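In what follows, a structure is listed as structure tokens, so that the remarks can point back to it.
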Protein chains: 2
Amino acid sequence: MVDDKKTTEELIFEAALKVFQKKGLAGARMQEIADEAGINKSMLHYYFRSKELLFRQIFLKSFKGFIGSIVPLLNQEISWEEKIHLIIEHYAALLQRNPDLPLFIFNELKNNPEDFISILKENSVRDTLFIKQIITGIQKGGIRRISPQQIIVTINSGIIFPFVAMPMIKFMASLNDTDWDSFMEDRKRIVEEMLIKYLKEF
Amino acid sequence: MVDDKKTTEELIFEAALKVFQKKGLAGARMQEIADEAGINKSMLHYYFRSKELLFRQIFLKSFKGFIGSIVPLLNQEISWEEKIHLIIEHYAALLQRNPDLPLFIFNELKNNPEDFISILKENSVRDTLFIKQIITGIQKGGIRRISPQQIIVTINSGIIFPFVAMPMIKFMASLNDTDWDSFMEDRKRIVEEMLIKYLKEF
DNA sequence: GTCTATAAGGTGATAGAC
DNA sequence: GTCTATCACCTTATAGAC
């Protein structure tokens, strides 16, 4: 068994990750996390003191996984077109594995905006090579005059939003799980082509 | 005072709308709703029996306001380009007035998918004139070959997602409230131009 | 219809044995 | 470190006076 090698703390952490991402801070129950981890409820307090502190650790880990992986990517030495392609592939893959992640994060950001400011400061998208490449492209005339933030938001909207609205999209378009995968394959291609075409042809 | 004309039931409903949209089902407190309405807590049960039933009514109203207004618009006798413009303007205006609405709705849709199926059935986007116009356009060669659902998702993503991610966007791009408004003005124009250009030029 | 008081059950947290 | 037992508080919901 793989589980035998995991420490109790790890078991709790993984269980908490699952339950909090599914139910949120207010909706999650310590008992449910304990059951999910297969251990006693008082162990949660032994290792993490309180629900609030446990949640905070889960959120920080989730948020770093969500935002932290993107900055190194934006700093790679490749063209801005390739970079757009990579960001799209990166987020689509991440969210296919973890579809509850966006809603979980955006809920908490709304409820406790302070919590994440330090992380955002450590991962400033604004100072990346990608932004510089866009600005240079605009100055040289190869890219349409547009705020770099709008480009970032366009990419994120196109890929992240479908996961936020997944239940609605699945129902309205009558998609099963396989259909969903091919819907997202189309989506990736459309977002990339549409954005690059818009940026280049003006 | 305008409030004098409102019945107790209306006062409760409006207070519940505000509190539930802000905190969600699990996070909201009946006491908080009562305080917000300026009435006694037992009145909530007198008029709506239970928290769950009160929430359901709030959600149904919110969801209908979100989805119900769009179908008539999609059936208007105007060109598909004008229709895209109108949808964007419609949602942007709705969400500027009600920025918590999308997160509220998508949370509940995730937790209780059954609740909204009947409403979605009553508001089938698939049977609208807009979808027919797109399909006809594709057949006649004036529109790029693309699934109509992808067009709908592209519009919604571009406009709705920024409100879901608002705290993050505001921080990363250092936007105050005025900046946000002009950011969304740009956003509307970009989404519309980008999509229509993509659909027409291929 | 509206209020006060209180019931009934759940939930986070801790004490203490092992 | 892990468990059982239990506390203290909170929250929904109801009973009953007015």
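Residue numbering restarts at 1 for every chain, and letters A, B, ... go by the order of the sequence lines. The figures that follow rest on heavy atoms only: side chains count, while hydrogens, waters and symmetry mates do not. Fair warning: this is a prediction, and the values are worked out from it, not measured in the lab.
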Could you give the [atom1]-to-[atom2] distance, from [X] to [N], as a whole number of Å?
X	N	atom1	atom2	result
Glu32(B)	dC10(D)	CD	P	15 Å
Leu44(A)	dT2(D)	CG	C1'	12 Å
Ile12(A)	dG1(D)	CD1	P	11 Å
Met43(A)	dT2(D)	CE	C1'	4 Å
Asn40(B)	dT12(D)	CG	P	14 Å
Asp35(B)	dC3(C)	CG	P	12 Å

Minimum heavy-atom distance between [X] and [Y], given as atom pair plus value:
X	Y	value
Gly65(B)	Leu94(B)	O-CD2, 4.0 Å
Asn75(A)	Asp127(A)	OD1-O, 4.4 Å
Lys51(B)	Ala28(B)	NZ-O, 2.9 Å

*So, Glu185(A) versus Ser182(A): side-chain donor-acceptor pair below 3.5 Å or not?*
no
Legend entry - Polar side chain donor-acceptor pair, Lys83(B) to Gln133(B), under 3.5 angstrom: yes
| said: Categorize Phe48(B) for me: base, sugar-phosphate, or nothing, with a 4.0 angstrom heavy-atom threshold over every strand shown. | reply: nothing
Taking dT4(D), dC3(C), dT2(C) as options, the one with an atom nearest any side-chain atom of Ile39(B) is dC3(C)
Margin query: Looking at Thr8(B), I'd like to know whether one of its side-chain N or O atoms comes within less than 4.0 Å of OP1 or OP2 on dG1(C).
Written below: no
request  = For residues Phe48(B) and Phe55(B), establish whether the separation of their ring centroids is below 6.0 Å.
outcome  = no
With sugar-phosphate taken as primed atoms, P, OP1 and OP2 and all else as base, the protein-contact string of nucleotides 11-18 of chain C at under 4.0 Å (heavy atoms; B, S, -) is SBBB----
